[in-house]
Amino acid sequence: MADQISVTLPDGSSKGLPAGATTADLAASIGRSLAKAAVAGVVNGHEVDLTAPLPDGAEVSVITDTSEEGRAVLRHSTSHVMAQAVLQLWPGAKFAIGPPVKDGFYYDFELPDGQHFTDEDLERIEARMREIVAEDQPFVREEHSVDEGLELFADQPFKVEIIHGVREADTADTGDMAATEGAEAGVVSAYRNTDRFVDLCRGPHVPSTKRLGHFKLLNLAAAYWRGDEKRPQLQRVYGTAWESKAQLDEHLWRLEEAKKRDHRKLGEELDLFAFDPDVGRGLPLWLPKGTVIRDELEAWARETERRWGYQRVVTPHIARGALFRTSGHLPYYQEDLYAPIDIDGDDYYLKPMNCPHHHMVFKARAHSYRELPLRYAEYGNVYRYEKSGALFGLMRARGFTQNDAHIYCSKADAKEEFLAVMRLHAYYYEALGIDDFHMVLALKDPKNTEKYHGDDDMWEEAERLTRDAMEESGIPYVEELGGAAHYGPKVDFIIRSAIGREFAASTNQLDLYMPERFDLRFTNAHGVQEHPAVIHRAPLGSHERFVGFLLEHYAGNFPTWLAPVQVQVLPVAADHREYARGVVDRLFDDGYRVELVEADEPLGARIRHGKLQKVPYILVVGGQDIEGGTVGVNHRGDERPDRDVPIDEFIERLRAEVATKARW
RNA sequence: GCCGGGUUAGCUCAGUCGGUAGAGCACUGCUCUUGUAAAGCAGAUGUCGUCGGUUCGAUCCCGACACCCGGCUCCA
């Protein structure tokens, strides 16, 4: 056996090391800072512990703690520390799985005797975790046979179940869990910290608990064992962990910021919308100020769509069951519909989507190819019976208004029309300052084909057209198996808010199926009847979700064109009221949303109230302004006021800002 | 829908070992007449989420339900 080995580094160079050298040794031989930052290695494409000996000739790279892979290792190791702490504090507790997730980790537990964690327990667990970290416990990898593994975890039923997965593993697909949890191909791997604590795990892990420490436990939640609502419900403890205190603090700051930007909180503070149990769960009431935002968005979309060749239609909120049986919503999606209303012995349903009604609009007249494409737009109110636990403010409501339209065109034009819709999305997003978005192409799940209607040729054609259009759009996208609509592939636009949270803004589909189902037809150039293609699109999604998103994205600071109150005028003292009134009237006549704030409170207090309401412009007018025909301009976000601005100059600034839909 | 935690004034929250309750902000009135992020005084405000049970007595204990929050599941 040679006493030297040679490994290849990511840059293609090779490096000689003594036999038995590890990734840690490799990192140390390259540099001290790399050695310090290293948390694991990748050997021939597999993640390994720093302490694992390197095989001769391997391709090796070092995972550092600032990479997402490195953080995942830290988080995974931290989850083991948490499990150890919990098992020590609650003897007899059962532990299930504890993977790293985005920004942190969790672990699922079942406490003995029906006990459950409380928020105070998080501090106890965390305190014990800090002791474990201070104890500098090693993570030592062990490999066992299946039988040894079953013995080792004999009192841990969830671990036993995972290991049993291995029995079938030799031939069958065990699913991801068995693999990530350390039971693969007849070998059970585990990581031991002390005589008393060992956890089933694939690894890799940091060499010692002292490598950890920048973590915090965040919240408790419930989770089903293996995500199956028929299986036992466990208690999940979520935490976050980072490579440095600075990163941890920044993440905690982001969480605080997310709370401040919570659209439900802002909606209340800014008087935008409300819910009332007597109206019904998930049924938002738009207050006057919130309605301004909705209306402005809608007016803009209406004008934009007029220019882009859409026509408006209006359809009822309900329809007979017959319509939804044709569309396939009944009986397939019956659970998601509000219960039927009996009218003269016939069943009527609140519409969950606008498309069936729009198809009937199309069908109301005969069409020639010369008229196509026909683009029917409607801000249609739809109602869906969302599960109560899924409701989330405006983001997931049971009644909402879609910025909806359906485009009827020939298959030959479908790609170009689809592309135009994507351009329209990009246009809207750019105007609103949404600069981080991508698309997801949801295809049908090949393992579960009976869920989908229509034949293979149709699906293939729809997929091809969709993918071609996406390619041509230049907008980044990913593909995802499963998740298609029952009638065709689906494109979701995912938009990311200023604090990095992602939302599915809208779903767009190229649909070759419903036209057959509804027997929609047009006469082509050869005088032959043909089915059109249909594009379902809603760039602004639902007004509810979109305004909720914008609330978070802007932190409530709506650009002036959308702001419920655009300008407040504050006379310094009662003597200046008449002048202030004149300024207000002028702005009002020009169509702005403006308020006079009487001088019955000190100026500072009135300024403060306006700022808290996030009013873009607070104008202060006093004796000096009366003399010069000026206003004192307080622009939202600016530290200092801009004094003695001629009123005409201010109005021009306001006009330009609103006309261009400027962000600030 | 499932599990856990909640629900006290418009909002944020305190409190009652079971004897029907309080603060700050907001609100109303009066005074102050203010040049850039909280003027002063006074006042009013609650079925203590709803219904039922236990009790001499329930906001408090028990049960059911409603709603909210965190997740899970779901999401045309």
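For clarity, every value in this text was computed on a predicted model and none was experimentally measured. Below, chains carry the letters A, B, ... as their sequence lines are ordered, and counting in each starts from 1.
For Lys611(A), the listed nucleotide lying nearest its side chain is A37(B); candidates were C67(B), A37(B), U73(B). Picking from A37(B), C67(B), U36(B) the nucleotide with the shortest atom distance to the side chain of Leu612(A) gives A37(B). The side chain of Ala574(A) sits closest to U33(B) out of U33(B), G1(B), U36(B). Nearest nucleotide to the side chain of Arg608(A), out of C74(B), U34(B), A38(B): A38(B). Of the candidates G4(B), C75(B), A38(B), the closest approach to any side-chain atom of Gln235(A) belongs to G4(B). Residue Tyr238(A) places its side chain closer to C72(B) than to any other of U34(B), C72(B), A26(B). Of the candidate nucleotides G1(B), U36(B), G70(B), U36(B) has the atom lying nearest to any side-chain atom of Ile607(A). If you check G1(B), G70(B), U34(B) against the side chain of Asn219(A), the one that comes closest is G70(B).
Residue-level contact check: His536(A) touches neither bases nor backbone, having no heavy atom under 4.0 Å from any strand. Here Ala390(A) lies in heavy-atom contact (under 4.0 Å) with a base. Phe275(A) comes within contact range of no nucleotide atom at all, as no heavy-atom separation falls under 4.0 Å. Contacts of Leu391(A) with the nucleic acid, taken as non-hydrogen atoms under 4.0 Å apart, are absent.
The side-chain heavy atoms of Asn634(A) and Pro641(A), taken from C-beta on, include a pair separated by under 4.5 Å. At least one side-chain heavy atom of Tyr487(A) sits less than 4.5 Å from a side-chain heavy atom of His536(A). Put simply, the side chain of Phe549(A) does not reach to within 4.5 Å of the side chain of Arg501(A), judged on heavy atoms.
Remark: Tyr238(A) pairs with Tyr106(A) by the ring pair (Phe, Tyr, Trp, His ring centres under 6.0 Å) rule, at least two apart or across chains. With sequence neighbours left out, Glu463(A) forms a side-chain contact (heavy atoms from CB on, under 4.5 Å) with Leu443(A), Trp459(A), Arg467(A), Pro489(A). In this structure Arg375(A) satisfies the salt bridge (Lys or Arg N to Asp or Glu O under 4.0 Å) test together with Glu417(A), sequence neighbours excluded. The ring pair (Phe, Tyr, Trp, His ring centres under 6.0 Å) search around Tyr349(A) returns none, not counting sequence neighbours. With sequence neighbours excluded, the residues that form a ring pair (Phe, Tyr, Trp, His ring centres under 6.0 Å) with His358(A) are His406(A). Residues meeting the salt bridge (Lys or Arg N to Asp or Glu O under 4.0 Å) test with Asp644(A), sequence neighbours left out: none.
Aromatic pair His635(A)/Tyr617(A): ring centres closer than 6.0 Å. You'll find the ring centres of Tyr408(A) and Tyr376(A) inside the 6.0 Å limit.
No side-chain donor from either of His359(A) and Ser327(A) sits under 3.5 Å from a side-chain acceptor of the other. For the residue pair His425(A)/Asn508(A), the side-chain donor-acceptor check at 3.5 Å is satisfied. Side-chain contact annotation: Arg606(A) with Gln568(A), donor-acceptor N/O pair under 3.5 Å absent.
Here the separation of C48(B) from U20(B), taken at their P atoms, is 13 Å to the nearest Å. Taking atom C1' in both G35(B) and U47(B), the straight-line distance is 49 Å, to the nearest Å. If you take atom P in U28(B) and the same atom in G10(B), they sit 15 Å apart, rounded to whole Å.
OP1 or OP2 of G70(B) has not a single side-chain nitrogen or oxygen of Tyr106(A) nearer than 4.0 Å. Close to U36(B), at under 4.0 Å from its OP1 or OP2, lies no side-chain N or O of Arg606(A). The phosphate of G71(B) (OP1 or OP2) has no side-chain N or O of Arg236(A) nearer than 4.0 angstrom.
Scanning atom types as modelled, no donor and acceptor separated by under 3.5 angstrom connect the side chain of Asp575(A) and the base of U33(B). The base of C68(B) is not paired with the side chain of Arg281(A) by any donor and acceptor separated by under 3.5 Å.
Within residues 640-647 of chain A, the residues approached by RNA chain B to less than 4.0 Å at the level of any non-hydrogen atom are Pro641(A), Arg643(A), in residue-number order. Within residues 257-273 of chain A, the residues having any heavy atom closer than 4.0 Å to RNA chain B are, in order of number, Arg264(A), Glu268(A). Listed in residue order, the members of residues 619-627 of chain A having a heavy atom less than 4.0 Å from RNA chain B are Val620(A), Gly622(A), Gly623(A), Gln624(A), Asp625(A).
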Under 3.5 Å, which donor-acceptor pairs link side chains of residues 262-274 of chain A to any protein atom two or more places apart or in another chain?
unit_1	atom_1	unit_2	atom_2	d
Asp262(A)	OD1	Arg264(A)	N	2.8
Asp262(A)	OD1	Arg264(A)	NE	3.1
Asp262(A)	OD2	Arg264(A)	NE	3.4
Asp262(A)	OD2	Arg264(A)	NH2	2.7
His263(A)	NE2	Leu394(A)	N	2.8
Lys265(A)	NZ	Glu269(A)	OE2	3.1

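A salt bridge is absent between Asp511(A) and Arg517(A): the closest approach of a Lys/Arg side-chain nitrogen to an acidic carboxylate oxygen does not fall below 4.0 angstrom. Here Glu386(A) does not pair with Arg398(A) in a salt bridge; the nearest charged N to carboxylate O distance is not below 4.0 Å. Ion pair Glu257(A)/Arg254(A) not flagged as a salt bridge, since none of the NZ, NE, NH1 or NH2 atoms sits closer than 4.0 Å to an Asp/Glu carboxylate oxygen.
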Show the distances under 3.5 angstrom between N or O atoms of the protein and N or O atoms of nucleotides 40-51 of chain B.
none

- Note on the structure: Dot-bracket assigned to RNA chain B with the 3.5 Å Watson-Crick/G-U criterion, [ ] for crossing and | for other-strand pairs, is (((((((..((((.....[..)))).(((((.......))))).....(((((..]....))))))))))))....
